[in-house]
Amino acid sequence: MTKRPSFPDGFQVLPEYFNREQQSALVTQLRDILVKAPLFQPVMPKTGKAFSVRMSNCGPLGWVSDIKGYRYQPLHPTTGEAWPDMPNILLELWKDVAPDAPAPEACLINFYQTTAKMGLHQDKDEDMFEAPVISVSLGDTATFRVGNTTRGGPTSSLRLTSGDVVVLAGESRLAYHGIDRVLPGTSTLLKNGGRINLTLRRVTSD
DNA sequence: CAGTAACG
DNA sequence: CATA
């Protein structure tokens, strides 16, 4: 019997969870957020190599990466201001998908121009892993890769289109995942193309 | 460390 | 494509 690599347990895609109208409303709110909390260019710890994605955050905590390491912090790294509030539609998404989890504290905003990629990684900078990671895709379609909780195993690839929601719960909470490629011209949501990914996370265990 | 490139 |  042939067995194709399967997705890790707890991994779920909710195709087009947000309709076009909701996606547009979200983009409008994100524009305001990005005025107050501009996209910044993260770099890898130790090496200082630049990420190809640009980032910002909303919510009480934001994920940042610089020469010193990965961490969550309450202030924007260049403006020194608090991160803007998380849009209500995202809090509602969290309550819908993870009704038993404590409220999300961080919403990482990753902006991918068409050449940007994100290597395989785990989301493991949080103090607790019981709550799922929930992510929203907006704009151009991307090729998403997901593996298991250890490096080196089989991986599967999947296209994420605008409005899709991905849930990393249970075993898949610590699954390796990344973005291989953004497919140019596959959505009209963002005027200048590219892709936005929102990642909602519970950070603290309080 | 969520980076890339060279290599088997 | 998996590994360093």
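The chains referred to below are lettered A, B, ... by the order of the sequence lines, with proteins before strands, and numbering in each begins at 1.
Residues A/Val64 and A/Phe40 form a side-chain contact, since some pair of their non-hydrogen atoms from C-beta on lies under 4.5 Å apart. In this structure the side chain of A/Ser65 reaches within 4.5 angstrom of the side chain of A/Pro45, judged on heavy atoms.
Using a 4.0 Å heavy-atom distance criterion, A/Asn110 is classed as making no nucleic acid contact. Among the protein residues, A/Gly69 comes within range of the nucleic acid bases, having at least one heavy atom under 4.0 Å from a base atom. If you check every strand for non-hydrogen atoms under 4.0 Å, A/Lys117 touches sugar and phosphate atoms only. At the heavy-atom level, A/Arg54 lies nowhere under 4.0 Å from the strands shown. Residue-level contact check: A/Phe51 touches the backbone only, with heavy atoms under 4.0 Å from sugar-phosphate atoms and none from bases. Counting any heavy atom pair closer than 4.0 Å across all strands shown, A/Arg71 reaches no nucleic acid atom.
As a whole-Å value, the separation of A/Tyr72 OH from B/dC1 C1' is 13 Å. Atom-to-atom, CG of A/Leu120 to P of C/dC1 comes out at 11 Å; the value is rounded to the nearest Å. One atom, NE2 of A/His121, and another, P of B/dG3, lie 8 Å apart when rounded to the nearest Å. A/Tyr70 has its OH atom 4 Å from the C1' atom of B/dC1, to the nearest Å. If you measure from atom NZ of A/Lys46 to atom P of B/dC1, you get 5 Å, rounded to the nearest angstrom. Residue A/Ile67 contributes atom CD1, which lies 15 Å from atom P of B/dA2 at whole-angstrom precision. For the pair A/Lys68 NZ and B/dG3 P, the computed distance is 21 Å after rounding to whole Å. When the P atom of B/dG3 is taken as reference, atom CG of A/Asp180 falls 11 Å away, rounded to whole Å.
Side-chain atoms of A/Thr141 and A/Arg159 form no donor-acceptor pair, as typed in the model, at a separation below 3.5 Å. Side chain to side chain, A/Thr188 and A/Arg20 meet the donor-acceptor criterion of an N or O pair below 3.5 Å.
Considering A/Asn110, A/Leu138, A/Ile179 as possible partners of A/Arg195, the one that fulfils the side chain to side chain contact (heavy atoms under 4.5 Å, CB included) test is A/Ile179.
Set against B/dT4, B/dA2, C/dC1, the side chain of A/Arg145 has C/dC1 as its closest nucleotide. When the nucleotides B/dA2, C/dC1, B/dC1 are ranked by their closest atom to the side chain of A/Arg201, B/dA2 comes out on top. Which of C/dA2, B/dG3, C/dC1 sits closest to the side chain of A/Thr155 comes down to C/dA2.
In this structure, C/dA4 and B/dT4 make a Watson-Crick or G-U wobble pair, each of the two defining distances being under 3.5 angstrom.
One finds a side-chain N or O of A/Arg151 lying less than 4.0 angstrom from the OP1 or OP2 phosphate oxygen of B/dA2.
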